[in-house]
*Asks:* 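Sending over a structure as structure tokens; questions will come in a sec.
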Amino acid sequence: MISVDEAKNIIDSQSIQWGAISLPIEECMGEVLAEDICADRDFPPFDRVAMDGIAVSFDAYATGCRTFQVQEAQLAGVPAVSLKSDRYAIEIMTGAVLSGNCDLVIRYEDLEFYEQDRTKWVRVLDEGASRWKNIHRQGSDQQKGELLIAKGVVVTAAEVAIMATVGRSMVLANKKPKVAIVSTGDELVEVAEVPLSYQIRMSNSIAIQASLCQVRIPNQRFHLPDSKEQLQAKVETILQEFDIVLLSGGVSKGKADYLPEVLEVLGVRKMFHRVAQKPGKPFWFGMHTTGKPVFAFPGNPISTYLCFRVYFLPFLMQRLGSPMHEKWALLQEEVTFNPDLGYFVQVRSEVRPDGTVAVWPETGNGSGDLANLAKSDAFLYLPAKQSRYLVGEFYPYYSFDISSLA
Ligand SMILES: Nc1nc2c(c(=O)[nH]1)N[C@H]1C(S)=C(S)[C@@H](COP(=O)(O)OP(=O)(O)OC[C@H]3O[C@@H](n4cnc5c(N)ncnc54)[C@H](O)[C@@H]3O)O[C@H]1N2
Ligand code: MOO
């Protein structure tokens, strides 16, 4: 039996890539960028007028000139016009390119217009003007060629806006794997069915599917009976059609726990079976000859969910180029446990005003106590080789809320 850390390392060390796909920017929200996005020109690309008003020469203003003859108006979206001399002003609008020979913009609020001899004049009331006031200088935000978004970023509306402004109508995103979710067991019936007294409704594959849909991973759900022949035939076709196979149930020591044997026959090499942890001890992981990973989670609902959340999800996000960062939380009640196993205790959490996460254990009745999942909102990882975990100690924390990845 291997440790939790060894199991994670084995999973992480598999070289698996699903390549990249070119997507229109309208379709890339929530995707992970597979390329860097750089500035195609300076930001802003020209000296951009930042206030509606007039453009003048600062030198004229600095030598005491406060009245200017209005030469013309220059709106946004037209080429720059130039001052005839520094006694003139050009009416100018926000978003326009700064007029030639001008280096000061004064807002309408600080101006008085008047007419004299059928000529339009303007008087400047602002006594605190400086060179380049109200002008967003070319290249002052970013220079042409600078990195604006690094690959690996999950695209939000902010990235879409930046990609749009640099003219990227198509971008490269990490291709997502197609995942098969396979539950096994003759005691399981579909959700809409009424179970007989010796049956239960399946929930593991449904929970995994819900999580994969939330992080927008294409997936399909299957259910297979406890028959070696049927498992072998069906898993063989599933392995051809999907990039990753997640199985639930059939990996412990029961008479119908055929999966480890069937998987090996199908060319899935066992990388480990059994991890020194509770719950989820019988966790099995292997690699198919084609390089596709196969995760076989122990069937007890909390074990399946734990292995999915703690091992599979971080592996998936890391491979997609958007790794999940480890979070830590502060234990609020002492826990004692068997030092031979790492213990993923279910906890209820609260974020404190200082930002730390405080957690209280909600142990429930073991890995079959599915309803206890709703009383908790995370797993706290209490590592092996110690038996007491004290109030005020920090431990790694795996929230059930994965909405930040969506
Ligand atoms: N002799 C031993 N027996 C067991 C061991 C062991 O080491 N030696 N390990 C126990 C542990 S720990 C677990 S966890 C389970 C895992 O066994 P399997 O992976 O073979 O899972 P099953 O036996 O198929 O199912 C276990 C349990 O979970 C229910 N289940 C299964 N699939 C689903 C599903 N999709 N939705 C809802 N519930 C599901 C199933 O009905 C069983 O009650 O083995 C222990 N035994
Ligand atoms: O490991 Mo089992 O998952 O304890 O119930």
Side-chain angles (χ1 to χ4, degrees), residues 1-4 7 179-212 219-228 230-231 234-235 238 245-264 268 270 272-286 294-312 335 337-338 340-346 361 363-374 376 379-382 384 398:
M1 192 153 58
I2 62 168
S3 71
V4 168
V179 179
I181 311 159
V182 187
S183 62
T184 62
D186 288 344
E187 74 280 26
L188 300 173
V189 298
E190 287 289 343
V191 180
E193 285 179 43
V194 178
L196 298 172
S197 58
Y198 52 87
Q199 295 176 321
I200 57 164
R201 293 192 185 92
M202 59 183 69
S203 58
N204 293 353
S205 47
I206 311 279
I208 291 180
Q209 182 166 51
S211 302
L212 289 179
N219 67 79
Q220 194 176 333
R221 205 164 52 76
F222 300 88
H223 180 68
L224 303 181
D226 287 325
S227 142
K228 210 188 276 189
Q230 289 193 52
L231 278 174
K234 192 67 193 166
V235 174
I238 289 173
V245 182
L246 305 182
L247 296 135
S248 153
V251 290
S252 59
K253 295 189 188 293
K255 289 248 178 311
D257 292 340
Y258 305 123
L259 269 180
E261 183 190 333
V262 164
L263 289 169
E264 300 240 13
V268 185
K270 178 178 88 178
F272 62 75
H273 187 191
R274 300 169 75 76
V275 179
Q277 63 178 7
K278 186 183 167 73
K281 203 189 323 176
F283 179 21
W284 191 102
F285 172 70
V294 177
F295 294 76
F297 304 136
N300 273 328
I302 295 178
S303 309
T304 286
Y305 184 60
L306 170 97
C307 292
F308 171 82
R309 172 63 188 83
V310 169
Y311 295 93
F312 178 70
V335 177
F337 195 69
N338 171 2
D340 295 338
L341 302 177
Y343 183 22
F344 287 94
V345 63
Q346 291 171 74
T363 42
N365 266 333
S367 61
D369 184 2
L370 173 61
N372 198 56
L373 276 179
S376 48
F379 294 110
L380 190 72
Y381 172 47
L382 305 176
Y398 298 86

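Atoms within each ligand, like the ligands themselves, are counted from 1 in listed order. Along the sequence shown, the residues carry numbers beginning at 1.
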*Asks:* Using a strict cut-off of 4.0 Å, indicate which atoms of ligand 1 neighbour a heavy atom of Ser183.
*Replies:* 35 (N)
*Asks:* Return the residue, atom name and 0.1 Å-rounded distance of the protein heavy atom closest to atom 33 (C) of ligand 1.
*Replies:*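 Among all protein heavy atoms, the one nearest atom 33 (C) of ligand 1 is Asn204 ND2, 3.1 Å.
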*Asks:* Is the closest side-chain heavy-atom distance between Leu247 and Val245 below 4.5 Å?
*Replies:* yes
*Asks:* Provide the number and element of each atom of ligand 1 under 4.0 Å from a heavy atom of Met202.
*Replies:* 36 (N)
*Asks:* Should Phe297 be counted as touching ligand 1, given the test is an N or O pair under 3.5 Å?
*Replies:* no
*Asks:* Using modelled atom types and a 3.5 Å cut-off, is there a donor and acceptor pairing between side-chain atoms of Gln277 and backbone atoms of Gly280?
*Replies:*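 Pair found, side chain donor or acceptor close to backbone of Gly280.
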*Asks:* Please write down residue, atom name and distance for the protein heavy atom closest to atom 21 (O) of ligand 1.
*Replies:*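 Looking at atom 21 (O) of ligand 1, the protein heavy atom closest to it is Gly299 N, 3.2 Å.
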*Asks:* Distance below 4.0 Å between atom 3 (N) of ligand 1 and any protein heavy atom?
*Replies:* no
*Asks:* Among all protein heavy atoms, pick out the one at the shortest distance from atom 1 (N) of ligand 1; state its residue, atom name and that distance to 0.1 Å.
*Replies:* Lys253 CB, 4.0 Å
*Asks:* For atom 37 (C) of ligand 1, what is the closest protein heavy atom, and at what distance to 0.1 Å?
*Replies:*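 For atom 37 (C) of ligand 1, the nearest protein heavy atom is Ser203 OG, 3.3 Å.
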*Asks:* Closest non-hydrogen protein atom to atom 12 (S) of ligand 1, residue and atom name please, with distance?
*Replies:*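 Result for atom 12 (S) of ligand 1: Pro282 CD, 3.8 Å.
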*Asks:* Nearest to atom 40 (C) of ligand 1 by heavy atom, Glu187, Arg274, Met1: which?
*Replies:* Glu187
*Asks:* Tell me, which protein residue and heavy-atom name are nearest atom 23 (O) of ligand 1, and how many Å apart are they?
*Replies:* Asp257 OD1, 4.2 Å
*Asks:* Classify the contact between Gln199 and ligand 1 as side chain, backbone, both or neither, using a heavy-atom distance cut-off of under 4.0 Å.
*Replies:* neither
*Asks:* Only heavy atoms count here, so choose which of Asn300, Ile181, Leu370 is nearest to atom 15 (C) of ligand 1.
*Replies:*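 Nearest option to atom 15 (C) of ligand 1, by heavy atoms: Asn300.
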*Asks:* Using a 4.5 Å cut-off on heavy atoms from C-beta on, say whether the side chain of Tyr343 contacts that of Tyr381.
*Replies:*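 Tyr381 does not reach Tyr343 side chain to side chain.
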*Asks:* Any side-chain heavy-atom pair from Trp284 and Leu263 closer than 4.5 angstrom?
*Replies:* yes
*Asks:* When you check the side-chain N and O atoms of Ser183 and Asn204, is any donor under 3.5 Å from an acceptor?
*Replies:* no
*Asks:* Can you name the ring pair (Phe, Tyr, Trp, His ring centres under 6.0 Å) partners of Phe283, sequence neighbours left out?
*Replies:*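 Partners of Phe283 under the ring pair (Phe, Tyr, Trp, His ring centres under 6.0 Å) test: Phe272, Phe297, Tyr311.
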*Asks:* Not counting sequence neighbours, which residues clear side-chain hydrogen bond (donor to acceptor under 3.5 Å, both in side chains) with Lys270? List them please.
*Replies:* none
*Asks:* On a heavy-atom basis, I'd like to know which of Ser252, Gly250, Pro298, Gly249 is closest to atom 46 (N) of ligand 1.
*Replies:* Ser252
*Asks:* Within a strict 4.5 Å, meaning less than it, do heavy atoms of the Ile181 and Phe308 side chains meet?
*Replies:*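 Side chain of Ile181 against side chain of Phe308, heavy atoms only: no contact under 4.5 Å found.
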*Asks:* Identify, with sequence neighbours excluded, every residue that meets salt bridge (Lys or Arg N to Asp or Glu O under 4.0 Å) alongside Arg201.
*Replies:* none
*Asks:* Check whether any side-chain heavy atom of Leu259 lies under 4.5 Å from a side-chain heavy atom of Thr184, and answer yes or no.
*Replies:* yes
*Asks:* Under 4.5 Å between any side-chain heavy atoms of Ser205 and Ser248, yes or no?
*Replies:* no
*Asks:* Quick one: look up the protein heavy atom nearest atom 38 (N) of ligand 1 and list residue, atom name and how far away it is.
*Replies:*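 Protein heavy atom at minimum distance: Ile200 CD1, 3.6 Å.
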*Asks:* Which N or O atoms of ligand 2 sit under 3.5 Å from a protein N or O, and how far apart is each pair?
*Replies:*
{"residue": "ligand 2", "atom": "1 (O)", "partner": "Gly280", "partner atom": "N", "Å": "2.5"}
{"residue": "ligand 2", "atom": "1 (O)", "partner": "Lys281", "partner atom": "N", "Å": "2.8"}
{"residue": "ligand 2", "atom": "3 (O)", "partner": "Gly280", "partner atom": "N", "Å": "2.6"}
{"residue": "ligand 2", "atom": "3 (O)", "partner": "Ser303", "partner atom": "OG", "Å": "2.0"}
{"residue": "ligand 2", "atom": "5 (O)", "partner": "Asn300", "partner atom": "ND2", "Å": "3.0"}
{"residue": "ligand 2", "atom": "5 (O)", "partner": "Ser303", "partner atom": "OG", "Å": "3.3"}
{"residue": "ligand 2", "atom": "5 (O)", "partner": "Ser367", "partner atom": "OG", "Å": "2.0"}

*Asks:* Side chain of Glu264, backbone of Glu261: donor and acceptor closer than 3.5 Å?
*Replies:* no
*Asks:* A side-chain contact here means heavy atoms from C-beta on lying under 4.5 Å apart; do Phe337 and Leu382 qualify?
*Replies:* no
*Asks:* Is the closest N or O pair between Lys281 and ligand 1 shorter than 3.5 Å?
*Replies:* no
*Asks:* I'd like to know if the side chain of Asp226 reaches the main chain of Asp186, judged simply by a donor and an acceptor atom lying under 3.5 Å from each other, with no hydrogens or angles considered.
*Replies:* yes
